[in-house]
**Student:** 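Let me begin by handing over the structure; questions about it come next.
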Amino acid sequence: MDAQDLSGFPLRLEGDAVPMVSFRKVTKSYGSLVVLDSLDLDVAEGEMVSVIGPSGSGKTTVLRMLMTLETINGGVIYVDGEPLTHMPRGDRLVPADSRHLRRIRAKIGMCFQQFNLFPHMTALENCMEGPVHVLGLSKKEARERSEELLAMVGMTEKRDQHPSRLSGGQQQRVAIARAMAMRPKVMLFDEVTSALDPEVIGEVTNVIRKLVAEHNLTMLMVTHQMGFAKDISDRVCFFYGGRIEEQGTPDALFGHPKRERTQQFLSAVREAI
Amino acid sequence: MSYLEFLGQYGDRILSGTLVTVLLTVLSSVLAIAIALVTGLMRLSPNAVLRGIATVYIEIFRGTSLLVQLYWIFYVLPLFGVTLEKFTAGFVAVGMNLGAYGAELVRGAILSVPRGQWEAALALNMTPARRMIRVILPQAVLIMLPGWGNLLIELLKGTALVALIAVADLMFQVKQINGTTFLSAETFGTALIIYYVIARFMITPFMRWLERAMQRKLGRA
Ligand SMILES: Nc1ncnc2c1ncn2[C@@H]1O[C@H](COP(=O)(O)OP(=O)(O)OP(=O)(O)O)[C@@H](O)[C@H]1O
Ligand SMILES: [Mg+2]
């Protein structure tokens, strides 16, 4: 991480309405390619924010930085009031060490486009892995928790199958259960339906609908399914060229986009359908 | 002397040599696998010193001849106060040599586990050690098994060199028999067949069986 002046950034966020996730002037570049340019984005506790935008606009990168799969080049990311990418030392922020990252990362879960289930474990074992080996739960507790979640995603009958025996939609539902078994406060979904056949997309989106309805989760979801984003989001962010070009409620953004680029993107997407 | 008479007379020496060869192969394999695992992991360590040590080890043992390494371990190490009994020197040399080749196999297999697996493990907040043990290695083992099949056959053939420091393995016995009988075709022909049988009908089927067992664990069989 480049040396930078962090004196403007608070050691922790305090006050009445501390956002669950807060990107503050976050910059990410690969070499000379600036992928995200001084991004500011707050997500409130329990809020469902959808991220849309053209390919290469930096949507995935936003989630990956939050999951600590990518380091950042500037700015600070806060989670639940505490800095994630940095940690306080005295009255200053310094880059986070691995212990700090592990502590804050525990609040975040992520589901990937390619599911990434562990192929050598059954569906149930996939879900129990984190609770047993990371959270230190007993096998019995972890099994109960996992079975409950597999029931929630409708995978009880397939719980003893390995991923290779499951369809894409089934694998993605197990992946959601696996992430939820860690009891995260924030869930990230990166195009979780993009690798699926059209007829099974519904089984995954229904699970996400259920999460929205039944849990007080904070969610950030990158998606190409505009209808789905419109249905379930509290807010939609349209990314363009590494910046938030426009954001608002689904009705406002899809119904009355203000910016020209948003209008162009939305009409291009509509034509494709 | 007919071949049957030959076997009747020297069969027990050939058998005892074969047993020594098999034992050498098993012990060297265990050592090679252990070294390969440790060195292969060190090659991937974020710590530059560990990486450096592993690289030097691999370079030396792959870049020089096994026979010279064997002589070093048996004849030169005693000058530094480390004396190994010849059987021990034999399997240590073979194990250390093949371990260096195995290290690259381990490293390559670990690196070819898909990126998504590393990322999913990180998203579950696993420590690097847990991630390696629970997620990456089990998958890497399946990837590297075919390579190990070849390597263990190389190792078996490599053990024949220990005859040169007078370990009484198969090669040593047939050389001795040849020295007194001059029945080269019978002696070396028999050795040839025995090495082939061990490789083809013991090591290869065992590795196939392992591979299938691992695949079953992945629910792929
Ligand atoms: N590891 C990397 N090295 C170099 N460039 C990268 C890397 N990862 C991403 N990029 C670049 O960063 C930019 C943003 O990528 P990102 O994956 O965030 O886009 P996206 O909005 O998710 O696109 P898509 O809709 O295609 O998934 C792209 O220009 C991409 O080429
Ligand atoms: Mg993407």
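All chains are named by letter (A, B, ...) in the order of the sequence lines, taking the proteins before the strands, and each is independently numbered beginning at 1. Computed from heavy atoms alone, side chains included, the values below leave out hydrogens, waters and symmetry copies.
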**Student:** For B:Arg134, is there any backbone N or O sitting under 3.5 Å from a side-chain donor or acceptor partner on A:His120?
**Tutor:** yes
**Student:** Is A:Leu117 in contact with chain B via its backbone, its side chain, both, or neither, using a 4.5 Å heavy-atom distance?
**Tutor:** backbone
**Student:** I want to check something: taking the side chain as every heavy atom from C-beta on, are A:Pro119 and B:Gln117 in contact at a cut-off of under 4.5 Å?
**Tutor:** yes
**Student:** Strictly distance-based, threshold 3.5 Å: is any side-chain N or O of B:Arg130 a donor or acceptor partner for the main-chain N or O of A:His133?
**Tutor:** yes
**Student:** Counting heavy atoms not belonging to A:Arg89, are there more than 12 under 6.0 Å from its CZ?
**Tutor:** no
**Student:** Where on A:Arg64 is there a heavy atom nearer than 4.5 Å to chain B: the side chain, the backbone, both, or neither?
**Tutor:** side chain
**Student:** Near A:Arg209 CZ, under 6.0 Å, is it more than 12 heavy atoms from other residues, nucleotides or ligands?
**Tutor:** yes
**Student:** Counting only heavy atoms not in A:Glu157 (residues, nucleotides, ligands), do more than 12 fall under 6.0 Å from its CD?
**Tutor:** no
**Student:** Flag the one option from B:Asn125, B:Leu124, B:Leu122 with the top tally of heavy-atom pairs under 4.5 Å to chain A.
**Tutor:** B:Asn125
**Student:** Taking CZ in A:Arg102 as the centre, count heavy atoms belonging to other residues, nucleotides or ligands within less than 6.0 Å. Is the count above 12?
**Tutor:** yes
**Student:** Any side-chain heavy-atom pair from A:Met67 and B:Glu119 closer than 4.5 angstrom?
**Tutor:** no
**Student:** Quick check on A:Thr68 against chain B: is it the side chain, the backbone, both or neither that has a heavy atom closer than 4.5 Å?
**Tutor:** both
**Student:** Is B:Phe206 atom CZ crowded by more than 12 heavy atoms from other residues, nucleotides or ligands, each under 6.0 Å away?
**Tutor:** no
**Student:** Under a 4.5 Å heavy-atom cut-off, does chain B meet the side chain of A:Phe112, its backbone, both or neither?
**Tutor:** side chain
**Student:** Looking at A:Arg12, I'd like to know if its CZ atom is crowded, meaning that more than 12 non-hydrogen atoms belonging to other residues, nucleotides or ligands lie closer than 6.0 Å.
**Tutor:** yes
**Student:** So for atom NZ, which belongs to A:Lys158, do other residues, nucleotides or ligands contribute more than 12 heavy atoms lying within a distance under 6.0 Å?
**Tutor:** no
